[in-house]
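Shown next, in structure tokens, is the structure this report addresses.
Given the structure is predicted, the values throughout are model-derived calculations rather than measurements. Letters A, B, ... mirror the listed sequences (proteins, then strands); counts begin at 1.
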Number of protein chains: 2
Amino acid sequence: MNMTNWYDGSCDVINAFTIISGRWKLPILWRLSFGKTRYNELKRQVCGITNIMLTRSLQELEHHGLVERIQYSEIPPHVEYGLTEQGKKLIPGLTALRDWAKEQAEFERTL
Amino acid sequence: MNMTNWYDGSCDVINAFTIISGRWKLPILWRLSFGKTRYNELKRQVCGITNIMLTRSLQELEHHGLVERIQYSEIPPHVEYGLTEQGKKLIPGLTALRDWAKEQAEFERTL
DNA sequence: CAGCATCCCACACGATACTG
DNA sequence: CAGTATCGTGTGGGATGCTG
């Protein structure tokens, strides 16, 4: 595998994409960028997501240090999720991509 | 489906991601961002890609208006691929994400 | 309330061979 | 040189049901 400059660049981006790729990662991150949220509130707001996918996605994002899980020792259980400092650093890149996405959506209508 | 503001935002980004997602799209786009390239040169430079995946990826990117195919009427065949103006607009977003990706890679080593 | 255990499937991806 | 045809597979995603 020849690691030329352009390929290193794309590798970095591919790794980044892998972390936040999947059916539900972006909706979750987007929602969390507006503030901490409880599990069931998140489930209601990320339309159509199931327990298993919400749990899996949150675990993966937590594993990569983008999301933090805050558990309160109460009965009934009370768990909140939020972005870590590292997670918040993702937002500007996502916003930049969203700006392109809007242009792209407009552009595709003209094809 | 309740289309709140945060969800519209994530939908745009999801659509953008879908277009450029997959095993080979980013390496191809990255390479093309450095200039027009012939089919077989692209194949050599995007390490490990097969004919079928290169062809498929290029067709999909062309279909979304990001890549242009320039065919010269010669024998043997001569085809070049390059980014369209719309395709070039993608680069800044990708670069922004790459900057985060580098931070993220560094960060994950500390976990 | 906040999850986990199982089973299942479609589809992106790929290996191999062939062609104008 | 620049592709296409065919067939096979791994994995991301989901339906359903159960639990501390």
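Of the candidates dC4(C), dA15(C), dG3(D), dC4(C) carries the atom nearest the T55(A) side chain, counting heavy atoms from C-beta on. Here the side chain of M53(B) is nearest to one of dG14(D), dG3(D), dC13(C), namely dC13(C). Side-chain atoms of P76(B) lie closest to dC1(D) of the nucleotides dG14(C), dG20(D), dC1(D). Distances were taken from every side-chain heavy atom of H78(A) (C-beta onward) to each of dA2(C), dC13(C), dC1(D); the shortest belongs to dA2(C).
Closest heavy-atom contact between F107(B) and Q86(A): CD2-CG, 3.4 Å.
In this structure, I70(A) atom CD1 and dA2(C) atom P are separated by 13 Å, rounded to whole Å. For I28(A) and dA2(C), the CD1 to P distance is 15 Å, given to the nearest whole Å. If you take CG of L58(B) and C1' of dA2(D), they are 11 Å apart, rounded to a whole angstrom. Atom CZ of R23(B) and atom P of dG12(D) are 13 Å apart (whole Å). Straight-line distance from the CD1 atom of I52(B) to the P atom of dG14(C): 11 Å, rounded to whole Å. Following rounding to the nearest Å, E60(A) (CD) and dC4(C) (P) show an atom-to-atom distance of 12 Å. To the nearest angstrom, P of dG3(C) lies 11 Å from NZ of K43(A). Atoms CD (Q45(B)) and C1' (dA2(D)) sit 16 Å apart, rounded to a whole Å.
In this structure, Y81(B) reaches the dG3(D) phosphate: one of its side-chain N or O atoms is under 4.0 Å from OP1 or OP2. In terms of phosphate contacts, Q71(A) brings no side-chain nitrogen or oxygen within less than 4.0 Å of OP1 or OP2 of dA2(C). Distances shorter than 4.0 Å separate none of the side-chain N or O atoms of W24(B) from OP1 or OP2 on dA12(C). Using a 4.0 Å cut-off, no side-chain N or O of R38(B) falls inside it from OP1 or OP2 of dC1(D). R69(A) has no side-chain polar atom (N or O) that falls below the 4.0 Å cut-off from OP1 or OP2 of dA2(C).
In this structure, K36(A) pairs ionically with E68(A), as a charged nitrogen and a carboxylate oxygen lie closer than 4.0 Å. E41(A) and R44(A) are not joined by a salt bridge, as no carboxylate oxygen comes within less than 4.0 angstrom of a charged side-chain nitrogen.
As judged by a 4.0 angstrom heavy-atom cut-off over every strand, Q59(B) is placed among residues touching the sugar-phosphate backbone only. Using a 4.0 Å heavy-atom cutoff across all strands shown, I75(B) reaches no nucleic acid atom at all.
Counting distance only, with no hydrogens placed and no angle test, the side-chain atoms of R56(A) and the base atoms of dG13(D) include a donor-acceptor pair under 3.5 Å.
Interatomic distance, CZ of R31(B) versus CG of L26(B), reported as 15.5 Å (0.5 Å rounding). Put simply, CD1 on I28(A) and CD on E60(A) are 9.5 Å apart, with the number rounded to the nearest 0.5 Å.
Toward the 5′ end of DNA chain D lies the nearest nucleotide of K25(A), the other residue of the pair N51(A) and K25(A) mapping further downstream.
T55(A) pairs by the side-chain contact (heavy atoms from CB on, under 4.5 Å) definition with Y39(A), Q59(A), not counting sequence neighbours.
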